[in-house]
Novice: 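Quick one: structure below, then a few questions.
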Number of protein chains: 4
Amino acid sequence: MQAKAKTFTESARRAQIVAAAIETIAGLGYARASFAQIAKEAKLSSTGLISYHFANKEELVRTVLEDVFGEISAFMAERMSTPSSASAALRTYLEANLEFAAAQPTRMRALLNIFLGGALGYDPATEQAALEPVERILRWGQESGEFRDFDVRVMATTIRRSVEGPVFLLAGAPETDLTAYAEELVTLFDLATRRPT
Amino acid sequence: MQAKAKTFTESARRAQIVAAAIETIAGLGYARASFAQIAKEAKLSSTGLISYHFANKEELVRTVLEDVFGEISAFMAERMSTPSSASAALRTYLEANLEFAAAQPTRMRALLNIFLGGALGYDPATEQAALEPVERILRWGQESGEFRDFDVRVMATTIRRSVEGPVFLLAGAPETDLTAYAEELVTLFDLATRRPT
Amino acid sequence: MQAKAKTFTESARRAQIVAAAIETIAGLGYARASFAQIAKEAKLSSTGLISYHFANKEELVRTVLEDVFGEISAFMAERMSTPSSASAALRTYLEANLEFAAAQPTRMRALLNIFLGGALGYDPATEQAALEPVERILRWGQESGEFRDFDVRVMATTIRRSVEGPVFLLAGAPETDLTAYAEELVTLFDLATRRPT
Amino acid sequence: MQAKAKTFTESARRAQIVAAAIETIAGLGYARASFAQIAKEAKLSSTGLISYHFANKEELVRTVLEDVFGEISAFMAERMSTPSSASAALRTYLEANLEFAAAQPTRMRALLNIFLGGALGYDPATEQAALEPVERILRWGQESGEFRDFDVRVMATTIRRSVEGPVFLLAGAPETDLTAYAEELVTLFDLATRRPT
DNA sequence: GATGAATGAGTATTCATTCAT
DNA sequence: GATGAATGAATACTCATTCAT
């Protein structure tokens, strides 16, 4: 169905390498995540194998991002189905994000390490892609009259960054209760967005 | 009060190198900010000159951080003097931060790239230092009855990250109006923190 | 018995590099035996190839020592089998050492340059290992009554250094007759150790 | 009286630098005895000052050697005056050498570190200079009939190396009794050189 | 005479990538 | 498909030496 059909072996290897890359980037930070380290993590005999399956380090990193974003999307899609109102959607968005951070802390750390390690030159398009779903919810709420009249871009940016907060926090304090954290964020943004009565 | 007396030439060179380092880290990200790149930016004859003035890359980075933090502190100190209420303090905090981001976008980008680039192993203490002033304001507001009863840590983290948001945004959209952005954040967090009537 | 199985190509390369290192260390002294010099001697494309095969300079030097000690041990083992008396053993020890120095002058010079170059922090244990076989012979001779009552440590140190003497001498006067040199040393230490009648 | 008259200040500085060089070479080994380290030891403000007073590192090292050899010669000259016999002279030579090693361990260590560090390409002339006085004693003894008919070069080399032995030994075992060591050597070489009766 | 600054070649080591087998 | 070997540019950092002041 897809543009380039890959053999089973090939995609299995690619998946294995991507998994090792995630583990390594999350563990050592992007700067120290060399092909050598990734190959060791994947128990590969040669870094050449990575180059064989990925044109560049950049392609590998892009694939890692696609994998992580794919997981997030799937996770979110399952949870966000047909919300009854914008504020319910917002609540679900916040909760689902923190649930994902709790469920997949390694993937989340890898994601952030890539962005912050300066792996790719800052790409506004990627940022926009992450912001899009939030902005959709916010616009819906404003149109339906649930939400007050704020700047959608500012609110979306703030919300997006608020759910990334605990990812770092988890590194320093792994026992953090993300369910409680989510509840606080829900209240915070409910008050911040709700149309005053 | 002065730690070590340096000659004029030396501190001029150090300043020049620090400035070039800021420019380079802001522009290329921490990972790609090698001595070679910094030397090129500063038009130095060799990377050896950097090593001549800084014992380590770490010392250089530390000096960059001190420079940036120094600027921020001076800027904030001037603006935050004797606020009359916690909510006024919070407003000032948000405004001053965004003003600084508007005035010194390069310094700000460098700062964030350093932290996110994993230049220094993630250090909870540093994070706490950044959070401390915000938490103080929030506790004050809760004690005085201005603010409602939220989790201080969560709110502080969210506020801190909210003011970092526009730093990246500026790279993609330099025309962003940070005064308006600040006004939105002030309203957002006023609603989020204020004791309901 | 074998520690790590290496491929043929790898051990060939390692051997080639070790040989070049020996040549270089013997010729220029340890201090000037940089990876660059060794690579030039071995006609390698880059110093990176040395780092590819040896984790450290230390590992390379250790391998050089193992190579040289291995050769010496093999050489000595063949010659020292079941001596009939302590004085015969001492004679054989002296002769075998000088024969080796004549047969492998480069290896010997490399060995001494490494030790004297301070490549490894002065290690009493290594020195003791070199002294051990001599001390064993001397104690045997004292117990059997062949040798007089001298301080074993002093005599052993003197003997050990005496066989190192010609290694340097060879550099200045390559025509030196080491067989005659050995004969002189045999007589010297026979007189010095023998129980007076 | 001397070829190049130097000002007082100049020779004082040179002496100070030489002293610091000795201390540094003895302490850190030749390889790590950089101008920077020597300047620090001498509390000099700049390594440039060393270059100002010495054309090369080589000249500095040569001057160090001259200083050390000068001290040794003076020490020896005082002790060796008009010996009554070759065997007495040999005894005195051995004792004086070990006394010097005990009195000036730093100078001795520096001396050896220079030779062994490969500081200067192996120079047969220097070695010959060290051997000369010993050979003179040995020839005297053979001519007077006190000594047996051995190869002077071999015996001299062995004697020379025997007195260097304890210098290394002192590093590992500083409590070594060099007087006793000297007595052992005296006996050893008395037996080895004496004409059999 | 002395100082601090600068230079540029040198150090070992790491890296992504290529390629023959 | 996979492997081990090789490449050469890049990394931060050190060094002896030069030079203007």
Side-chain angles (χ1 to χ4, degrees), chain A residues 6-10 12-14 31-39 44-61, chain B residues 6-10 12-14 31-39 44-61, chain C residues 6-10 12-14 31-39 44-61, chain D residues 6-10 12-14 31-39 44-61:
Chain A
K6 309 270 182 169
T7 68
F8 170 72
T9 326
E10 159 134 42
R13 264 273 179 268
R14 284 176 64 101
R32 268 169 295 181
S34 66
F35 275 19
Q37 287 293 342
I38 295 171
L44 257 38
S45 51
S46 161
T47 62
L49 192 53
I50 301 178
S51 291
Y52 179 75
H53 286 285
F54 297 89
N56 288 338
K57 192 169 192 185
E58 204 205 321
E59 199 211 320
L60 170 58
V61 172
Chain B
K6 308 268 185 176
T7 66
F8 171 71
T9 322
E10 160 139 40
R13 256 289 132 81
R14 282 176 64 102
R32 271 171 289 188
S34 65
F35 275 18
Q37 289 292 341
I38 295 169
L44 302 178
S45 56
S46 97
T47 65
L49 192 50
I50 301 178
S51 293
Y52 177 73
H53 287 284
F54 297 88
N56 281 338
K57 190 166 194 186
E58 202 204 321
E59 199 210 319
L60 172 56
V61 172
Chain C
K6 307 267 183 174
T7 66
F8 170 72
T9 322
E10 161 139 41
R13 256 290 132 82
R14 284 176 65 102
R32 272 172 288 188
S34 65
F35 274 19
Q37 288 292 343
I38 295 169
L44 302 178
S45 55
S46 99
T47 65
L49 191 52
I50 301 177
S51 292
Y52 178 72
H53 287 285
F54 296 89
N56 280 338
K57 191 167 193 184
E58 202 205 323
E59 199 210 319
L60 172 57
V61 172
Chain D
K6 310 270 181 171
T7 68
F8 170 74
T9 326
E10 159 135 41
R13 265 271 181 269
R14 283 176 63 101
R32 269 168 295 181
S34 65
F35 276 18
Q37 287 293 340
I38 295 170
L44 257 39
S45 51
S46 158
T47 63
L49 192 52
I50 302 178
S51 291
Y52 178 75
H53 287 284
F54 297 88
N56 287 336
K57 190 169 194 187
E58 202 205 322
E59 199 211 321
L60 171 56
V61 172

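Values in this document were obtained by computation on a predicted structure and should not be read as measured data. Every heavy atom of this structure was used, including side-chain atoms; hydrogens, water molecules and symmetry mates were not. Within every chain, numbering begins at 1; the chains are lettered A, B, ... in the order of the sequence lines, protein sequences first and strands thereafter.
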Novice: Could you work out, with side-chain contact (heavy atoms from CB on, under 4.5 Å) as the rule, every residue matching C:Ser46, not counting sequence neighbours?
Specialist: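 None.
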Novice: Holding to side-chain hydrogen bond (donor to acceptor under 3.5 Å, both in side chains), I want the full list of residues that pass it with C:Glu58, two or more places apart in sequence or in another chain.
Specialist: none
Novice: Determine the minimum heavy-atom distance between D:Gln37 and D:Arg32, stating which atoms define it.
Specialist: CG-O, 3.5 Å
Novice: Can you tell me how far CG of C:Leu44 sits from CG of C:Leu49, rounded to the nearest 0.5 angstrom?
Specialist: 5.0 Å
Novice: Ignoring hydrogens, what is the shortest heavy-atom contact between B:Phe54 and B:Leu60? Give both atom names and the distance.
Specialist: CD2-CA, 3.8 Å
Novice: List for me each residue that meets side-chain contact (heavy atoms from CB on, under 4.5 Å) alongside B:Ala36, sequence neighbours excluded, and say none if there are none.
Specialist: B:Ser34, B:Thr47
Novice: Could you run through DNA chain F and flag its stems, i.e. three or more consecutive Watson-Crick or G-U pairs with both distances under 3.5 Å?
Specialist: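 DNA chain F forms these stems: E:2-21 with F:2-21.
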Novice: Quick one, give me the B/S/- string for nucleotides 11-16 of chain F, reading 5' to 3', where B means a protein heavy atom under 4.0 Å from the base and S means that only happens at the primed atoms, P, OP1 or OP2.
Specialist: SSBBSS
Novice: Calculate, to the nearest 0.5 Å, the distance between atoms CD and CZ belonging to C:Glu59 and C:Arg14 respectively.
Specialist: 5.0 Å
Novice: Between which nucleotides of DNA chain E, 5' to 3', does chain C make heavy-atom contacts below 4.0 Å?
Specialist: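 Contact boundaries, 5' end first: E:dT11 to E:dT14.
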Novice: How long is the gap from OG1 on A:Thr7 to CZ on A:Arg13, to the nearest 0.5 Å?
Specialist: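 Here the rounded value is 11.0 Å.
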Novice: Considering non-hydrogen atoms only, spot the tightest contact between A:His53 and A:Glu10 and give its length.
Specialist: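 So the minimum-distance heavy-atom pair works out to ND1-OE2, 3.4 Å.
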